[in-house]
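Below is one structure, written out as structure tokens; comments come after it.
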Number of protein chains: 2
Amino acid sequence: MSRTLRNPDIVSPEVREKVLKCVDSLGYVPDLAARSLASRNSSLITVLVPSMTSYLFAEVMHGIEARIEDSDFSLHYANSRMSQEAEARHLKLLAGQRPVGLIIANVAGEMDNRELMRRLGCPVVQVQDISLDVFDMAIGIDHAKAGATATRHLLDCGYRRIGVLGRFYGTRGERRHYGYRSELERAGCYDPALIEDASGGFTVQSGGEMLASLLNRVGPVDAVLCQSDELALGAVFESQRRGLRVPEEIGICGFNDLEFSRVSVPPLTTIRLPRFDIGYKAADMLLRAHQGRYDGPMTTEMEYELMPRGSTVKVADR
Amino acid sequence: MSRTLRNPDIVSPEVREKVLKCVDSLGYVPDLAARSLASRNSSLITVLVPSMTSYLFAEVMHGIEARIEDSDFSLHYANSRMSQEAEARHLKLLAGQRPVGLIIANVAGEMDNRELMRRLGCPVVQVQDISLDVFDMAIGIDHAKAGATATRHLLDCGYRRIGVLGRFYGTRGERRHYGYRSELERAGCYDPALIEDASGGFTVQSGGEMLASLLNRVGPVDAVLCQSDELALGAVFESQRRGLRVPEEIGICGFNDLEFSRVSVPPLTTIRLPRFDIGYKAADMLLRAHQGRYDGPMTTEMEYELMPRGSTVKVADR
DNA sequence: CTGTTAGCGCATTCAG
DNA sequence: CTGAATGCGCTAACAG
């Protein structure tokens with residue numbers, strides 16, 4: 001009887017032993033489809049992210065796993081590959097699986113996949129984008145504020161002619177850019193010509209190419225704000241190639257505080273996000289909601305932290 | 001009737017239209033559990049990897065996705081987190097899901113999870129480790145040969161006192177190290193003191209720390225072989241901190257040819273693996289096997305490529 | 001505590 | 001081509 005397997009304590013020891021022996025010798029494996037059909041629930045928690053390559057999400061995933069691992073839900077990842085269509089496809093597929101919950105880093109764009117998420121009939125936690133129209137639960141940082149903080153740091157250092165490397169559609173980049181822009185305008189330093197839009201993804205290589213393109217286009221700049229640490233590292237390499245001293249001749253500020261940023265030469269000034277915590281808390285919110293302790297739609301804003309390091313320096317020390 | 005959904009062509013247009021309209025207005029979603037139970041199959045392909053953080057697997061995943069995406073299987077990832085126990089847990093869970101197939105980058109160690117893989121009753125492709133005891137299908141490179149190639153390159157450059165940074169248990173590292181060692185012994189340069197075992201994972205940071213520890217322990221070396229490009233980049237940074245010129249005073253060779261390796265300063269000499277192709281072909285083998293074109297256990301050896309770049313140089317040019 | 005039973009929502013039959 | 005019946009393997013609810 002299946003009671004033995006699901007709740008071994010409520011059957012007599014003899015029966016339990018006998019059943020377990022049979023199970024073992026016959027190599028029985030419970031059919032999850034049947035179980036899920038009969039019990040009208042699954043143990044599936046899905047995490048849908050736009051990229052598996054990103055160190056960024058990787059740490060969020062670690063956080064999620066840390067929270068989930070001793071519950072007996074099973075965690076599955078799916079990749080929306082930066083495409084809202086793929087995201088929608090996955091959401092539709094998910095709908096048929098009676099998931100326990102969904103943690104999603106939405107792809108930004110024209111489509112509105114909220115209806116699809118709603119139809120899942122399970123708690124949904126959106127991570128990273130607290131500024132998005134949240135329809136259930138969300139957790140992340142305020143990217144506009146973070147962008148402003150990074151910008152103010154460069155201004156405080158005395159850099160004035162400040163370039164920007166990144167991508168500006170899509171919510172996170174957009175919001176961050178909003179922060180950059182308002183801060184630069186306040187200081188009277190905003191110049192749209194100094195914006196270099198990413199063509200090749202947020203890679204080290206494209207960081208170098210973008211800085212090269214910017215400098216070739218507008219001449220020297222005091223500093224560059226980069227939308228990711230990969231871009232910033234690429235900018236450092238490009239500066240080295242051009243014989244520009246970082247941070248004296250060009251200040252470089254990244255975003256995310258990736259693993260290498262602390263130990264590069266020079267180490268990168270950047271904004272640290274509590275990525276692990278975001279994942280952990282997202283999973284926690286999900287589990288709580290699943291246990292019925294759901295308090296309705298809510299947004300949790302996490303703190304970020306400016307990490308001033310060797311790739312920027314105050315003008316007094318230059 | 002469900003015929004309409006699964007095989008729209010064999011029903012009359014009128015019925016089809018009516019059903020589709022209802023489906024749309026009621027927001028009907030087929031129950032995958034019931035479908036899978038009734039039809040005794042699923043559309044699930046699982047990819048089980050030891051790490052989601054790694055750029056290495058990320059590109060393998062891209063290859064897999066490229067092959068799978070226009071079939072209508074659904075792709076799920078699971079993370080064994082470098083743990084054979086977690087791997088076993090996932091395999092057990094999988095067994096109950098009637099998967100179409102499994103692509104797995106095994107965790108090396110004491111346990112033997114082959115029996116669990118066999119019980120899945122679906123084709124299994126092991127990636128990366130062709131030297132493992134393969135029980136079904138496998139695809140990857142010969143890591144021992146690749147390790148030997150990297151070593152020979154350093155010897156050809158004229159480096160003699162060659163350190164090694166990496167981790168040496170676990171199949172890939174072990175096999176690679178076998179290659180290093182045999183090649184160094186052949187040249188009469190093998191010295192176990194020059195081996196620095198990774199404590200902190202294959203990160204940029206630990207690469208720097210390991211080189212520092214090695215140099216502090218044994219004094220100057222001519223070159224270091226690194227088990228990954230992250231370690232190699234860390235070694236480059238550490239060399240810069242110590243004022244050691246790369247490649248003149250110390251040669252550095254990585255492994256994997258990650259994105260940044262081409263554009264770092266100096267660019268990294270490394271071994272390129274056909275990661276995308278490995279993923280693509282693995283998925284292809286799986287689909288073929290699933291379609292019945294299964295030719296029994298087989299191992300596919302892929303080619304790797306030495307990428308000589310700025311972090312190593314021939315002695316004549318030094 | 002234990003044996004038995006009735007569906008879960010579909011695909012797959014079999015008649016019509 | 002279409003409607004109706006059967007059962008996939010399990011859980012939940014029910015009696016014993």
Side-chain angles (χ1 to χ4, degrees), chain A residues 1-46 71-74 89 91-101 116 119-122 290-292, chain B residues 1-46 71-74 76 89 91-100 116 119-122 290-292:
Chain A
M1 200 108 244
S2 84
R3 253 169 296 217
T4 321
L5 272 38
R6 306 224 49 65
N7 220 336
D9 316 326
I10 62 163
V11 302
S12 69
E14 345 168 338
V15 177
R16 190 191 319 161
E17 205 168 319
K18 206 170 66 182
V19 172
L20 289 177
K21 189 174 291 174
C22 287
V23 163
D24 212 45
S25 69
L26 293 177
Y28 164 85
V29 239
D31 185 308
L32 262 43
R35 176 175 290 180
S36 155
L37 179 58
S39 68
R40 5 185 97 264
N41 66 51
S42 73
S43 63
L44 182 72
I45 293 178
T46 292
S71 74
D72 42 39
F73 298 110
S74 77
R89 225 179 38 231
L91 289 173
K92 278 176 195 154
L93 248 162
L94 240 195
Q97 311 194 218
R98 309 174 178 286
V100 170
L116 286 173
R119 280 201 192 164
L120 293 180
C122 69
H290 181 252
Q291 288 159 9
Chain B
M1 201 107 243
S2 83
R3 256 170 294 220
T4 321
L5 273 39
R6 307 224 48 65
N7 221 336
D9 317 325
I10 63 164
V11 302
S12 68
E14 348 167 335
V15 177
R16 191 190 319 162
E17 203 168 321
K18 206 171 65 182
V19 172
L20 289 177
K21 188 173 291 174
C22 286
V23 162
D24 212 43
S25 71
L26 292 177
Y28 164 85
V29 239
D31 186 310
L32 263 42
R35 178 175 289 180
S36 155
L37 179 59
S39 68
R40 6 185 97 264
N41 65 51
S42 74
S43 62
L44 182 73
I45 293 179
T46 292
S71 74
D72 41 39
F73 297 109
S74 78
H76 282 210
R89 224 178 41 233
L91 289 173
K92 279 177 197 156
L93 248 162
L94 239 194
Q97 311 195 222
R98 309 174 178 284
V100 171
L116 286 172
R119 280 202 192 161
L120 293 179
C122 69
H290 180 251
Q291 287 160 10

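Order of the sequence lines fixes the chain letters, A, B, ..., with proteins taken first and strands second; residue numbering starts at 1 for each chain. Scope of the values below: all heavy atoms of this structure, side chains included, with no hydrogens, waters or symmetry mates.
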How far does [atom1] of [X] sit from [atom2] of [Y], to the nearest 0.5 angstrom?
{"X": "A/Ser42", "Y": "A/Leu37", "atom1": "OG", "atom2": "CG", "result": "12.0 Å"}
{"X": "A/Lys18", "Y": "A/Arg16", "atom1": "NZ", "atom2": "CZ", "result": "14.0 Å"}
{"X": "A/Leu93", "Y": "B/Leu32", "atom1": "CG", "atom2": "CG", "result": "6.0 Å"}
{"X": "A/Arg89", "Y": "A/Leu116", "atom1": "CZ", "atom2": "CG", "result": "12.5 Å"}
{"X": "B/Gln97", "Y": "A/Ser74", "atom1": "CD", "atom2": "OG", "result": "6.0 Å"}

Any pair counted as salt bridge (Lys or Arg N to Asp or Glu O under 4.0 Å), so long as it reaches residues 20-31 of chain A, sequence neighbours left out:
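As it turns out, the salt bridge (Lys or Arg N to Asp or Glu O under 4.0 Å) pairs with a partner in residues 20-31 of chain A, which skip direct neighbours, are A/Asp31-B/Arg98.
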Where at least one partner belongs to residues 33-44 of chain A, residue pairs that pass salt bridge (Lys or Arg N to Asp or Glu O under 4.0 Å), sequence neighbours excluded
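For residues 33-44 of chain A, and leaving out neighbouring residues, there are no salt bridge (Lys or Arg N to Asp or Glu O under 4.0 Å) pairs at all.
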Looking at residues 30-46 of chain B, who's got a heavy atom less than 4.0 Å off DNA chain D?
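Those residues whose heavy atoms fall under 4.0 Å from DNA chain D, taken from residues 30-46 of chain B in numerical order, are B/Leu37, B/Ala38, B/Arg40.
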Residues in contact with DNA chain D, drawn from residues 91-98 of chain B - heavy-atom cutoff 4.0 Å:
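When residues 91-98 of chain B is checked for heavy atoms under 4.0 Å from DNA chain D, the hits, listed by number, are B/Arg98.
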Whole angstrom is fine here: how far is it from CG in A/Leu26 over to P in D/dG9?
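Atom CG in A/Leu26 sits about 14 Å away from atom P in D/dG9.
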Closest approach of B/Leu94 to B/Thr46 (non-hydrogen atoms, all atoms of both residues)
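For B/Leu94 versus B/Thr46, the nearest heavy atoms are CD2-OG1, 3.5 Å.
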For residues B/Cys122 and B/Pro99, report the shortest heavy-atom separation together with the two atoms involved.
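Between these two residues, the closest heavy atoms are CB-O, 3.3 Å.
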Bend angle of the helix from C/dC1-D/dG16 to C/dG16-D/dC1 from five-pair axes at both ends, rounded to 10°?
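Result, rounded to 10 degrees: 40°.
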Not counting sequence neighbours, which residues clear salt bridge (Lys or Arg N to Asp or Glu O under 4.0 Å) with B/Arg119? List them please.
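Only B/Glu115 meet the salt bridge (Lys or Arg N to Asp or Glu O under 4.0 Å) criterion with B/Arg119.
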